[in-house]
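A short worksheet on the structure shown next.
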2 protein chains.
Amino acid sequence: MVTSRRGSAPPKAAEAPGLRERNKQEKLERIREAARELFASKGFAETTTREIAERAGVGTGTLFLYARTKEELLMLVLAEKVEAVQEERFRTLPTRAPLLEQLLHVFEGFFRLYAKDPALARMFIREALFMEPGPAGERLQLERAFAARLAGLVAAARERGEVAGDVDLEMAGFNFFSLYLTTLMGWLSGALGPGDSWRPVLERSFALQLKGLGPGAGTSGGNRRRRS
Amino acid sequence: MVTSRRGSAPPKAAEAPGLRERNKQEKLERIREAARELFASKGFAETTTREIAERAGVGTGTLFLYARTKEELLMLVLAEKVEAVQEERFRTLPTRAPLLEQLLHVFEGFFRLYAKDPALARMFIREALFMEPGPAGERLQLERAFAARLAGLVAAARERGEVAGDVDLEMAGFNFFSLYLTTLMGWLSGALGPGDSWRPVLERSFALQLKGLGPGAGTSGGNRRRRS
DNA sequence: GCTCAAAAATGAGTATGCTCAGAAAAATGG
DNA sequence: CCATTTTTCTGAGCATACTCATTTTTGAGC
């Protein structure tokens, strides 16, 4: 038998970290942390990749083994948090509340996250929307999965009788996602007026999607106005 | 009075080209043309600013007096065309057709334009959405103006009785713009399946916005289904 | 025409994202 | 324990977007 100096942990196939893999994970974490700190303190454009490498204690070239571009470093930093927020929001969903309220509950999480550093968030959204898909088409998967979850909310609302039986669930999910995304971009660009709140805008946008434009609809939202 | 050598054209305040202004316009046009040709033949990333400068017959530094960044060169090339398409589409609007048809008429123009070079179009949309506003906030103005025109279409439809009297016109314009934008981005990213058509997607998305989700709505689109 | 101030153009220089040939480190095998 | 192969790391170097001190051009007053 080969002498293994620290015999305590023979590598098992199922969960064999292996020195190599462990080092890689550690390095990735150091890079992530360095990027997070620098982006937060100096901003994205003002941070150089060399700084990040130095702070993470790796060579400048090494950085680009873990992220193909500077923008991917930003993804590394934020994608994690976005996913966490998504999970948390669906976990704490008020399952008995009306659809509109549920949707606002979900999206509020994202707005709150992005509010912490709107400039950085803006860069992140820009990248998330337009990044070239890697070997696997990761980027699209995430959006699709999210739209599907929204469709799930609509499906549940249909069960409750809040929604007509013949609506296309996938399309409904897509539409809500779309309205959210555009509102978010406008908000991050300061187009809603500086410091203005996203909430009433998103709420009215969603309400209009729920109610529709047709003259047949009418009373769903509450206040109707006189025809001129 | 000052001696003006070619006395035929004393500079008038209203429309005084002036040698300076004329040269500037000419140079801008040369730059625009050079950028257009190179972007079209080699792609955006593969084209260097030096190439554009050389082809336009100006110094490399001069380029950045006319466009602050390489991306603004792309705006220079495409914004013009987008505006032209917008005008043309509203001019040829089928004023008696239903709202859905009118909307598709307008947006078809954009999709057709972008279809000529989807990769370039993608870069353009990316820039148009996320460019820092210059001294004046040009970028936002354009989108607002466009959304306002859409709101105008909805207003006209309301006159015709196609749309309920109590809908928020501005919000309706915003929602249609939003649905268009997201569909466009998905299409340009190839998320609708490669070579797939944008039309049915956009049509269904708009139809859902017109009809709404509520169980009260029903008959607007035509075919209604029984509740299960 | 000549002089001079203002505007515009220039291209050598700078900063920085990213590459790649070679070095170092880890696994593998005897 | 050493030899060999495979994987990972590295930083000098490259490409190129953009800057800025200097030069050139324009137009007005005399």
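We use all heavy atoms of the structure for the numbers below, so side chains are in, but hydrogens, waters and symmetry mates are not.
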>> Going by salt bridge (charged side-chain N to carboxylate O under 4.0 Å, His left out), name the pairs with one or both residues in residues 38-49 of chain B, residues two or more places apart or in two chains.
In response: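 Non-adjacent pairs meeting salt bridge (charged side-chain N to carboxylate O under 4.0 Å, His left out): B/Lys42-B/Glu51.
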
>> So, using ring pair (Phe, Tyr, Trp, His ring centres under 6.0 Å) as the criterion, who are the partners of A/Phe111 when residues are at least two apart?
In response: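 For A/Phe111 the ring pair (Phe, Tyr, Trp, His ring centres under 6.0 Å) partners, ignoring immediate neighbours, are A/Tyr180, A/Trp187, A/Trp198.
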
> Sequence neighbours excluded, which residues qualify as ring pair (Phe, Tyr, Trp, His ring centres under 6.0 Å) partners of B/Tyr66?
Replying inline: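 So B/Tyr66 forms no ring pair (Phe, Tyr, Trp, His ring centres under 6.0 Å) with any residue.
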
d([atom1], [X]; [atom2], [N]) in whole Å:
| X | N | atom1 | atom2 | answer |
| --- | --- | --- | --- | --- |
| A/Lys70 | C/dT19 | NZ | C1' | 18 Å |
| A/Leu28 | D/dC9 | CG | C1' | 15 Å |
| B/Arg30 | C/dA8 | CZ | P | 15 Å |
| B/Glu26 | C/dA8 | CD | C1' | 15 Å |
| A/Glu46 | C/dA15 | CD | P | 16 Å |
| A/Glu127 | C/dG17 | CD | P | 14 Å |
| A/Ile52 | D/dG11 | CD1 | C1' | 17 Å |
| A/Tyr66 | C/dC18 | OH | C1' | 17 Å |

>> Let's see if you get this right: which residues in residues 56-64 of chain B place a heavy atom under 4.0 Å from DNA chain D?
In response: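 Output list: B/Gly61, B/Phe64.
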
>> Let's see if you can work this out: which of D/dC18, C/dC18, D/dT8 has an atom nearest to the side-chain heavy atoms of B/Thr69?
In response: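 Looking only at side-chain atoms, B/Thr69 lies closest to D/dC18.
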
> Closest to the A/Lys24 side chain: C/dA9, D/dT8, C/dG13?
Replying inline: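 So the nucleotide nearest the side chain must be D/dT8.
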
> Taking only residues two or more places apart in sequence or in another chain, which ones pass salt bridge (Lys or Arg N to Asp or Glu O under 4.0 Å) with B/Glu71?
Replying inline: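 Partners of B/Glu71 by the salt bridge (Lys or Arg N to Asp or Glu O under 4.0 Å) criterion come out as none, since no residue qualifies.
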
>> Holding to salt bridge (Lys or Arg N to Asp or Glu O under 4.0 Å), I want the full list of residues that pass it with B/Glu87, two or more places apart in sequence or in another chain.
In response: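 Salt bridge (Lys or Arg N to Asp or Glu O under 4.0 Å) check on B/Glu87 returns B/Arg149.
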
> Would A/Phe107 and A/Leu181 count as a side-chain contact (heavy atoms from CB on, under 4.5 Å) if you check the C-alpha gap in whole Å, the side-chain angles of each, and the deciding distance to 0.1 Å?
Replying inline: CA-CA 10 Å; A/Phe107 290 117; A/Leu181 192 64; over 6 Å; no

>> If the helix axis at each end comes from five base pairs, how far does the helix from C/dG1-D/dC30 to C/dG30-D/dC1 deviate from straight, to 10°?
In response: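 End axes: 0° apart.
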
With a cut-off of 3.5 Å and sequence neighbours excluded, list every side-chain donor-acceptor pair involving residues 200-207 of chain A.
from     : atom 1 : to       : atom 2 : distance (Å)
A/Arg204 : NH2    : B/Asp168 : OD2    : 2.4
A/Ser205 : OG     : B/Asn175 : OD1    : 2.7

> Do we get B/Lys81 above B/Phe124's six-membered ring, with its NZ or CZ under 6.0 Å from the centre and within 45° of the axis?
Replying inline: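 Not flagged: B/Lys81 not positioned over aromatic ring of B/Phe124.
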
> Taking only N and O in the side chain of B/Lys27, is any of them less than 4.0 Å away from OP1 or OP2 of C/dA9?
Replying inline: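 For C/dA9, OP1/OP2 do have a side-chain N/O of B/Lys27 under 4.0 Å.
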
> Within less than 4.0 Å of OP1 or OP2 of C/dA25, is there a side-chain N or O belonging to A/Asn23?
Replying inline: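 Answer is no, no contact under 4.0 Å.
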
Exercise answer: donor-acceptor pairs, residues 30-39 of chain A side-chain atoms, under 3.5 Å, sequence neighbours excluded:
from    : atom 1 : to      : atom 2 : distance (Å)
A/Arg30 : NE     : A/Ala56 : O      : 2.8
A/Arg30 : NH2    : A/Ala56 : O      : 3.4
A/Arg32 : NE     : A/Glu29 : OE1    : 3.4
A/Arg32 : NH1    : A/Leu76 : O      : 3.1
A/Glu33 : OE1    : A/Arg36 : NE     : 3.4
A/Glu33 : OE1    : A/Arg36 : NH2    : 2.9
A/Glu37 : OE1    : A/Arg55 : NE     : 2.7
A/Glu37 : OE1    : A/Arg55 : NH2    : 2.6

